[in-house]
Amino acid sequence: MALRLYNTMSSQVEEFHPLRDHEIRMYACGPTVYDYGHIGNFRTFIAVDMLQRFLRQSGYRVRYVMNITDLDDKIIHNAARDGVSVQQYTAKYEKAFLEDAAMIGIEQPTLVRATEHIAAMADFVTKLVEKGIAYRTDDGSYYFRIASFPRYGKLSKKDFDGMLDGARVDVDEYDKDSARDFALWKGPKPGEASWDSSIGPGRPGWHLECSVMSMQELGESFDLHAGGEDLIFPHHENEIAQSESLTEKTFARFWFHVRFLLVEGEKMSKSLGNFYTLRDLALKGHKPSSIRYLLTSVPYRNQLNFTFDGLRQAAVSVERLRGFRQRLTALSLPSGSSPEMQTLASHTSDRMRTSLDDDLNTAQAQAAIFEMVRSANSAIDAGGLNADDVPPLLAALEKFDEIFAVLNDDDGPKMKQVFDWAQSEGRDNDISAELREAMRSGQLSDADIEKKLAEMEAARRARNFKTSDTLRAELTAAGILIENTKEGVRWRRK
RNA sequence: GGCGCGGUACCCAAGUGGUAAGGGAGAGGUCUGCAAAACCUUUAUGCGUCGGUUCGAUUCCGACCCGCGCCUCCA
């Protein structure tokens, strides 16, 4: 069965096939690097990351490009406020974004930066001017003439015929032909950063970079264009207008938009006090795996209510999966295999694929893996699992984690990174007890842990429970989870 | 006002024209030196409200109530 995806352009779920066999070219609107990324940003980027992972799992070669907007009004303003260059300012936040993305399990796409494509953007404007689609105003700005593009509004389903120019826009600000015409290039303003180009000094408009860079990297027509739902209008609508006016070809075939999330039932906003960056959450002691799991647990087109209770629940769910995987690998089982377990593993894999094929229904894929975990645990308890059943079960887990990426227990080191960052920024007061607790599991080496565990086990065999309990308490305090089983003791970092 | 989305158990959250996935939490139980994990049982005759279509609707249609998004920088 083929992947079916919702296409904003057609407003319906469609079968997704790439233009070229076995190769998918996709582009996502990335961050504007003017601040640390918040969880809403990361919901979007994680959703696109999962899409990209699933496409590769499905056998496609994926060329995935993301832009870094390192040039816009807010950046220019903030850099000036801080007394640093635009480059210095954006370098800091781009680095932070990449660190955050890696921390939360996002595989890095090919990155392109606006400031590195100024000349190409100017050329693009020149071509639009030559076609009579763009025009220059007295202040050195260039605008796109929307009247030249009859299909304008087809993505956002807006009908502009009935709307009056100037209804909500300050027409007097510039001498545009129509209030709705959008800026391709903004003329220079005194005291603000400006770039020289073949069409004069100034800076590109926001929409232009995505048209230019996506086509440069992926061609004039490519398979899929992604972003947050807020980008449908005007950003993507404008990209389409510019690009298709120039090439007279379909720009992107599929438009993939991720729904905004709510935080504690309300729209995330600084004024409501429910605005969280990834680092804010880490400082409070929430692990990247918990955050990623929660963000992946609701299908991308549904509203997700991000809550601290949900974060705690996610942490437990992740632990359950990790514990199961470890249990599987630690068992000593009789040789042979059981048909039930073989079927369970293959059915689970099939169900995960079917679920994700259905417009990335991540909730159902998770349900499938949990049902497998319960059935397999039951079988283990009942002595119904054999050695040859383990590989297919592990393979199903692996297949799950290729998409969800929450099973590696490297939260401790990641939390330590956040801790180090907070210290380097002088934010010691923001470091919570929970963060210290979450990072402690990385403190002891495997050898240290094994040594203490051996001592504990020796004490238990000697029925010296006082000593063994003391050692257990020490390890637990160090963030090590210990499980005594018939197969012997096993441990993992919490 | 225009366009669009949603209201499912204590919480989060899938889903279907034929009688409600999964996770968390709670209760009881099995196992167990302790701890942890795991398993079993249990928690919505009910899916915002009121009508309609239908043999049958939570699922389709209509109205209404409530929440949310975009229309302006915003993932």
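Chain A is the first sequence line, chain B the second, and so forth, proteins listed ahead of strands; every chain is numbered from 1. Atom set for the values below is all heavy atoms of this structure, side chains included, hydrogens, waters and symmetry mates excluded.
- Judged by atom type and distance alone, Q313(A) reaches the base of C11(B) through a side-chain donor-acceptor pair under 3.5 Å.
- Within the nucleic acid shown, R301(A) has no heavy atom closer than 4.0 Å to any nucleic acid atom.
- Nucleic acid contact for G310(A): none, since no nucleic acid atom lies under 4.0 Å from a heavy atom of the residue.
- R327(A) has a carboxylate O that lies under 4.0 Å from a charged side-chain N of D381(A), or vice versa, which qualifies the two as a salt bridge.
- Put simply, CG on L453(A) is 16 Å from P on A36(B), counting in whole angstrom units.
- With G69(B), A38(B), A13(B) as the choices, the nucleotide that has an atom nearest any side-chain atom of A363(A) turns out to be A13(B).
- On a pure distance criterion of 3.5 Å, a polar donor-acceptor pair joins the side chain of R472(A) and the base of A35(B).
- Separation of atoms CZ (R472(A)) and CH2 (W491(A)) is listed at 15.0 Å; rounding is to 0.5 Å.
- A donor and an acceptor atom sit less than 3.5 Å apart, one in the side chain of D469(A) and one in the base of G33(B).
- Between L407(A) and L397(A) the shortest heavy-atom distance is CD1-O, 4.1 Å.
- Expressed to the nearest 0.5 Å, how far OG of S290(A) lies from CG of D411(A) amounts to 6.5 Å.
- Across all strands, V258(A) comes closer than 4.0 Å to no nucleic acid atom at all (heavy-atom distances).
- Closest approach to the E483(A) side chain among A37(B), G24(B), C3(B) is made by A37(B) (side chain taken as heavy atoms from C-beta onward).
- Atom CG in L261(A) sits roughly 12 Å away from atom C1' in C68(B) (whole-Å rounding).
- Taking atom P on both A63(B) and G2(B), the two are 13 Å apart, rounded to the nearest angstrom.
- The interatomic distance linking D309(A) (CG) with C11(B) (C1') rounds to 6 Å, in whole Å.
- Taking the centre of each ring, Y152(A) and F144(A) stay at or above the 6.0 Å mark.
- Under 3.5 Å, the side chain of R460(A) and the base of G33(B) form at least one donor-acceptor pair of N or O atoms.
- Here S468(A) lies in heavy-atom contact (under 4.0 Å) with a base.
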